[in-house]
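Atoms within a ligand are numbered from 1 in the order they appear, just like the ligands themselves.
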Amino acid sequence: MEKYLYGIDFGTTNSALAIYDEETKEINSTIIIPSLIYFYHQPGVGNTPNYVVGEEAISAYLNDDMKGRFIKSVKQILSRSSFTETRIQNKRYNASDLVAIILKELKQRADELIGQDCRKAVIGRPVFFDDDDVQKDTLAQTRLTKAAAIAGFEEVCFQFEPIGAAFAYEKTLAKKENVLVADLGGGTTDFTYLVLDPQKVGSKDRKNDMIANGGIYIGGDSLDSAFMWEKGTPYFGKHTQYEATPGKVLTVPKSLFVNICSWEQMNFFNGPRIKKDIEDYYYFSRNDRKFKNLITLIDNNLGYSVFQAIEKTKIELSNTDTSAFSYHKMDIDIEEEITLPVYEEIIAKDVNRIASYLDQFMLQNNIDPKNIDSLFLTGGTSMVGSIQKLFKNRFPHVNLNSGDNFKSVAKGLAYSGYLFGD
Ligand SMILES: Nc1ncnc2c1ncn2[C@@H]1O[C@H](COP(=O)(O)OP(=O)(O)OP(=O)(O)O)[C@@H](O)[C@H]1O
Ligand SMILES: [Mg+2]
């Protein structure tokens, strides 16, 4: 038996690895990195990799004047059949190659800590990678399996992320409980209803304890997109008017702004045709100042930094009633006070979609709220006030618990070694 096992939570925004000592049955330490890769503008010399991963990716990207390729939310391409590969400095990278870069980084950092080459891991996966599509789901799981192999793992099992979260919570319990776990991350929200029993931690017969699980493809990224649409795009010319033909004034197409509301969509602007269209709108809008901001955003690759400002506002509003949406780069100047009620209105549609999904989940699985002993919330998005209110309103009499929002899944995965059998 190997002495160590890694629990790996490969997340849309953050990825974590928990080191589990199979002899002492304890977690030694947990590593967490943002799921970001930056490929330098200049190719690497000799065999040195030309990329950096995690926290460093942000500073490298900024120091490089944002000229290289910055890759965020790579988890979301796992299920996308239209993505086959991307070329970076004449090298081809498919989805597994990109994911492997992050897994390898985690593995190297952990291997260094234990002084061994650990090749055994329980890797988490969301309940659905992409809504309810079985084909896409299979594709994502296959790609993730390949990524693990590329990163150097030989013995790999998969566990649903919310079950991982539940197992971390189980360690803290004194008695058996029926628990509803909600893991609200960057890309997905997953629910699991299960029986937790501290006496069963690590045991092999857990199948019957899992009563139901399900998920929806909404998370913190969706909230940021909604914010960008409502509060960001007006600064980039969403309401700009231009003279389409002499005397005929129209508003520029909304579709341009849909594309700046999510990070991955920004590539859309790379085509020559769209660039020409944008220049034409600018010209026929008589050089509208706000529309110019859109051109500055695209030409200078500023998407990530705008989303950083949006995320900062959101995080502040998890603790305060008002926060400034503030962005000043190049000629772009945004300064707007956002109050909590205004923010809650912006994200209401997404929160309601989560609420409807939860209702449907309860109904379909015949879960009676009276039978739930406690609720366990985890993931970064569980800190959003409207999300907490949603759970308090739905289950007023149930205990609301939360653990370490960023590490609990990885820890629980590390407690899932039973999946390997004997
Ligand atoms: N204090 C906070 N308030 C609100 N949202 C937050 C806070 N801190 C982090 N977030 C958001 O939480 C999300 C990241 O959470 P987490 O690390 O749990 O996701 P993930 O595991 O990477 O994603 P997924 O599980 O969907 O793959 C991001 O959208 C981030 O903006
Ligand atoms: Mg997660």
task = Show your reasoning for whether salt bridge (charged side-chain N to carboxylate O under 4.0 Å, His left out) applies to Glu85 and Arg92.
result = CA-CA 6 Å; Glu85 58 179 29; Arg92 293 161 195 268; 2.5 Å; yes

Close side-chain approach of Tyr343 and Thr313, heavy atoms under 4.5 Å
no

Original post:
Looking at Phe236, is Lys290 sitting on its ring face, NZ or CZ under 6.0 Å from the six-membered ring centre and within 45 degrees of the normal?
Top reply: no

Nearest heavy-atom approach of Phe406 to Gly380 is CE2-CA, 3.7 Å

Pick out the protein N or O atoms lying less than 3.5 Å from any N or O of ligand 1, and list each pair with its distance.
unit_1	atom_1	unit_2	atom_2	d
ligand 1	3 (N)	Ser318	OG	2.6
ligand 1	5 (N)	Gly380	O	3.4
ligand 1	12 (O)	Thr381	N	3.4
ligand 1	15 (O)	Gly380	N	3.2
ligand 1	17 (O)	Asn14	ND2	2.8
ligand 1	18 (O)	Gly380	N	2.9
ligand 1	19 (O)	Gly186	N	3.0
ligand 1	22 (O)	Thr12	N	3.0
ligand 1	22 (O)	Thr13	N	2.6
ligand 1	22 (O)	Asn14	N	2.8
ligand 1	22 (O)	Asn14	O	3.3
ligand 1	23 (O)	Thr12	N	3.4
ligand 1	23 (O)	Gly186	N	2.9
ligand 1	26 (O)	Thr12	OG1	3.4
ligand 1	26 (O)	Gly186	N	3.2
ligand 1	26 (O)	Gly187	N	2.8
ligand 1	26 (O)	Thr188	N	2.9
ligand 1	26 (O)	Thr188	OG1	3.2
ligand 1	27 (O)	Thr12	N	2.8
ligand 1	27 (O)	Thr12	OG1	2.7
ligand 1	27 (O)	Lys75	NZ	2.7
ligand 1	29 (O)	Lys314	NZ	3.3
ligand 1	31 (O)	Glu311	OE2	2.5
ligand 1	31 (O)	Lys314	NZ	2.7

Check your understanding: Do Tyr38 and Tyr40 have ring centroids that are under 6.0 Å from one another?
Key -> yes

For this session: Determine whether more than 12 heavy atoms belonging to other residues, nucleotides or ligands lie under 6.0 Å from atom NZ of Lys146.
Result: no

